[in-house]
Amino acid sequence: MAQKLLIVGPCAAESAAQMDDTARSLRDVLGGVSAHFDSVLRAGLWKPRSQPSSFQGVGIEGLPWLIDAAKYMGCPAATEVAQPDHLIAAYNAGIRHFWIGARTTSNPFMVEALADTMIADKQSVTWYVKNPTSPDIELWCGAVERIKCAGYTHICAIHRGFALGEHTTGLYRNTPVWSVPIEFKRRYPAVPLITDASHIAGKAERVAEVAEQAMRMGTDGLMIEVHPDPTNALSDARQQLTPAQLKDLLHRLATIDTAAQPGQSAELTALRQQIDETDDELWALLSKRLDIARRIGDYKRQHNMAVLQSARYDELLQRRIKWAQEHGIEPEAAKQIMDIIHEQSVLTQL
Ligand code: PEP
Ligand code: MN
C-alpha cells in the first residue's frame with residue numbers, strides 16, 4: 001500500500017491531561033501502522049460552533065498542550081485557523097500545519113484574510129483546505145487558489161461532506177456527494193485529497209464504513225477524530241473514536257491496497273473499450289431524445305401549451321425510479337439523472 005496521510009486527534013483540545021492521554025495512546029496505535037500511514041496530530045483550539053452557548057475551544061491556552069503532545073508522538077501538530085490572529089498565534093508557537101474549516105472556506109473574505117497574513121517562512125507551512133459547507137466546487141477551488149496565489153506550495157484538500165439539511169434523517173451528518181471531490185481531483189490531480197470520515201459519518205459506528213469507501217476509491221489520506229473518552233468530549237462526542245477503535249480500523253484499512261497502476265491489463269483495457277462503446281450509444285440516445293423533445297416543443301408552441309407539464313414528468317419519474325429500484329440503481333441517483341435529462345428537454349422547448 002502506498003503511504004497515506006492520517007490526520008488524527010480529538011475534535012478539540014480540552015485540557016492538558018486530555019491531550020497528554022491522547023498522545024500516549026495514539027503513539028502506540030500509530031507506531032503499529034507507520035509502514036502504511038504518515039501521521040499528523042490534530043486538535044481544534046478555536047471551534048466554529050453554530051451556537052454561542054457551545055464549547056468554543058480553549059484558544060491559545062491549548063497551543064503548548066497540542067505542541068507537546070505532537071512532540072511526544074514524533075509527528076507534526078495541526079489545528080484549525082479561521083482568522084489572522086489564530087494563524088499568527090499558532091505559527092509563532094511553532095505549528096506549521098493548518099486546516100481551513102468548512103465554514104471558513106465558504107467565505108472568500110476570510111480565506112483571503114488568511115492567505116494575506118504575513119508569515120515568515122511559507123515553505124514550512126502545509127495548508128489543508130476543507131470543502132465548503134455547500135457542494136460548490138468553485139468555492140472550494142477558489143479557496144485553494146487564494147492560498148496558492150499567496151505563495152504557499154504545500155496544499156492539500158479535505159473532503160468532509162456537505163450540509164444538505166438531511167442530518168436528522170440521513171445516513172450521514174454531512175452527505176459525501178462524491179461527485180464533488182471526484183471533480184476536485186480531476187481539476188487538481190497533484191493536490192492530495194484527504195477524506196474526513198468523522199465529519200461525513202457523524203456517528204462513531206459509521207466512521208469505518210466511510211473510511212473504507214474512501215480508501216477503496218484511492219484517497220490520499222484520512223482525517224479521523226479520536227478522543228480518550230468520547231462520551232464526555234466537549235464537542236462532536238457522537239463521532240469520535242476511542243484509540244482502541246482507531247487501532248482496529250487502521251489495521252483493517254492497512255490491508256486495502258489500491259497502489260496498482262491503471263491500464264496495465266488486457267482485461268481492464270477490454271472492459272474500458274466496452275464502457276466507451278456503451279457511452280457512445282448512450283449519448284446517441286440522449287441526442288435522439290432531445291430531438292424528439294424539440295419536436296414536442298414545436299407541437300406545444302403551435303397548440304399554445306405550457307412547456308412544463310408537471311403531471312407528465314411525475315409519471316415519467318416514478319416509472320424510472322421504480323425501474324431503477326428493480327435493477328439495483330439507487331433511486332436518488334435515478335432521480336438526479338432524470339432531473340437533468342428533463343431539465344435539458346424543457347430548456348430546448350423554450
Ligand atoms: C473539525 O475538523 O473539527 C471541524 C470543525 O471541521 P469542519 O470545518 O469540517 O466542520
Ligand atoms: Mn469536530
Side-chain angles (χ1 to χ4, degrees), residues 5-14 18-19 22 40-52 54-59 62 66 76-83 86-87 90 95 97-108 110-111 114 126-136 139-140 143-144 147 156-167 172-177 180-181 184 193-204 206-207 210-211 214 219 221-242 245-246:
L5 191 67
L6 184 62
I7 307 173
V8 276
C11 178
E14 298 169 359
Q18 171 241 13
M19 289 307 293
T22 302
V40 173
L41 175 66
R42 64 154 280 155
L45 301 171
W46 298 276
K47 299 303 299 173
R49 311 304 303 285
S50 305
Q51 292 296 330
S54 306
F55 173 61
Q56 303 292 305
V58 295
L66 171 57
T79 199
E80 173 169 350
V81 290
Q83 47 196 57
H86 300 161
L87 176 57
I95 293 180
H97 291 241
F98 305 108
W99 80 84
I100 299 181
R103 293 160 192 78
T104 307
T105 305
S106 303
N107 185 336
M110 292 166 78
V111 177
L114 290 170
T126 301
W127 283 99
Y128 303 89
V129 182
K130 288 203 176 195
N131 66 250
T133 51
S134 61
D136 182 338
L139 210 43
W140 194 6
V144 168
I147 298 294
C156 302
I158 298 183
H159 169 222
R160 51 77 80 195
F162 302 92
L164 303 182
E166 295 164 357
H167 58 283
Y172 303 100
R173 175 179 177 192
N174 290 294
T175 313
V177 198
V180 179
F184 184 94
L193 179 54
I194 292 154
T195 312
D196 177 346
S198 302
H199 287 88
I200 291 175
K203 296 186 191 83
R206 301 215 61 234
V207 170
V210 176
T219 189
L222 294 167
M223 178 178 259
I224 299 179
E225 287 188 339
V226 186
H227 191 285
D229 180 14
T231 323
N232 292 305
L234 299 181
S235 58
D236 288 351
R238 280 293 285 117
Q239 73 191 26
Q240 303 201 61
L241 301 188
T242 62
Q245 288 170 328
L246 178 73

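Each ligand, and each atom within it, is numbered from 1 in the order the structure gives.
- Under a cutoff of 6.0 Å and an axis angle of 45°, Arg206 and Tyr172 form a cation-pi pair.
- With hydrogens and angles disregarded, a donor-acceptor distance shorter than 3.5 Å links the side chain of Glu14 to the backbone of Leu234.
- The nearest protein atom to atom 6 (O) of ligand 1, hydrogens excluded, is given as Lys130 NZ, 2.8 Å; this is a heavy-atom distance.
- At distances below 3.5 Å, not a single donor-acceptor pair connects side-chain atoms of Thr105 with backbone N or O atoms of Val111.
- Between Arg42 and Glu80, no side-chain nitrogen of the basic residue sits less than 4.0 Å from a carboxylate oxygen of the acidic one, so the salt-bridge criterion is not met.
- Within the 4.5 Å cutoff, no side-chain heavy atoms of Val40 are placed close to those of Thr126.
- At least one heavy atom of Cys11 sits less than 4.0 Å from an atom of ligand 1.
- Between Trp140 and Phe162, the angle of the ring planes goes over 60°, which puts this pair in the perpendicular group of the 30/60° scheme.
- Looking only at protein heavy atoms, the nearest one to atom 5 (C) of ligand 1 is Glu80 OE1, 3.6 Å.
- For a threshold of 3.5 Å applied to N or O pairs, the pair formed by Arg103 and ligand 1 contains at least one separation below that value.
- Taking only nitrogen or oxygen atoms, main chain and side chain alike, Pro48 does not reach within less than 3.5 Å of ligand 1.
- Ala102 N, 2.8 Å is the protein heavy atom nearest to atom 8 (O) of ligand 1.
- Two residues are said to be in side-chain contact when any heavy atoms from C-beta on lie closer than 4.5 Å; Asn174 and Arg160 meet this criterion.
- Between Arg103 and Lys130, every side-chain heavy-atom pair lies at or beyond the 4.5 Å cut-off.
- Residue-level check: among N/O/S atoms of Glu225, OE2 sits closest to the Mn ion (ligand 2).
- The nearest N/O/S atom of Asp236 to the Mn ion (ligand 2) is OD2.
- Gln56 places a side-chain N or O within 3.5 Å of a backbone atom of Gln51 that can act as its donor or acceptor partner.
- Side-chain atoms of Thr195 do not come within 3.5 Å of backbone N or O of His159 as any donor-acceptor pair.
- Any N or O atom pair closer than 3.5 Å counts here, and Arg42 shares at least one such pair with ligand 1.
- The contact set between ligand 1 and Lys47, taken as ligand atoms under 4.0 Å from a residue heavy atom, comprises 1 (C), 3 (O), 5 (C).
- Those atoms of ligand 1 with a heavy atom of Trp99 less than 4.0 angstrom away are 2 (O).
- Counting only heavy atoms of the protein, atom 10 (O) of ligand 1 lies nearest to Arg160 NH2, 2.8 Å.
- Under a 4.0 Å criterion applied to the non-hydrogen atoms of Gly101, ligand 1 contributes the atoms 8 (O).
- The distance criterion of under 3.5 Å between nitrogen or oxygen atoms is not met by Asp236 with respect to ligand 1.
- The single protein non-hydrogen atom nearest to atom 1 (C) of ligand 1 is His199 CE1, 3.2 Å, given as residue, atom name and distance.
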